[in-house]
Amino acid sequence: EQERLSELVPRAIGELRHAILTTRIRAVKRRISAAASAGDASAMRLAMQELIELNTLKSEFATYLGDRIVTPPHKS
């Protein structure tokens, strides 16, 4: 296993970053929903832009990680 550490550690860090991005995306979606309910178009626009950026990053990580993305359990 020690021989594979140089492969496994970067991958684990990438998977952690992917999980963090997924959590942030959920939070931004909640902000969009709250802004829509409040009728705050400006906040909604800012949150939507952030969502686009986060989804782009998530896509890049998914490409880097390949098929083996570890997804944390979804808690509603």
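Taking a cutoff of 4.0 Å between a charged side-chain nitrogen and a carboxylate oxygen, E7 and R11 do not qualify as a salt bridge.
Between the CG atom of L21 and the OG1 atom of T56 there is a distance of 10.5 Å, given to the nearest 0.5 Å. L54 contributes atom CG, which lies 12.5 Å from atom CZ of R26 (distance to the nearest 0.5 angstrom). If you take CD1 on I25 and CD1 on I20, they are separated by 12.0 Å, rounding to the nearest 0.5 Å. Summarising the geometry, atom CD1 belonging to I32 is positioned 5.5 Å from atom CE belonging to M48; distances are rounded to the nearest 0.5 Å. Rounding to the nearest 0.5 angstrom, the gap separating the CD1 atom in I52 from the CD atom in E50 is 11.0 Å.
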Steps toward side chain to side chain contact (heavy atoms under 4.5 Å, CB included) verdict (M44, R31): CA-CA 8 Å; M44 209 164 89; R31 283 192 0 237; over 6 Å; no
Check against side chain to side chain contact (heavy atoms under 4.5 Å, CB included), Q49 and R45: CA-CA 6 Å; Q49 183 60 40; R45 202 172 9 264; over 6 Å; no
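Between the S59 side chain and the N55 main chain, no donor and acceptor come within less than 3.5 Å of each other. Distance alone, capped at 3.5 Å, places no donor-acceptor pair between the S33 side chain and the K29 backbone.
Criterion: ILVMFWY side-chain heavy atoms under 4.5 Å apart, direct or through other members. Under it, L5 and I13 are part of a common hydrophobic cluster.
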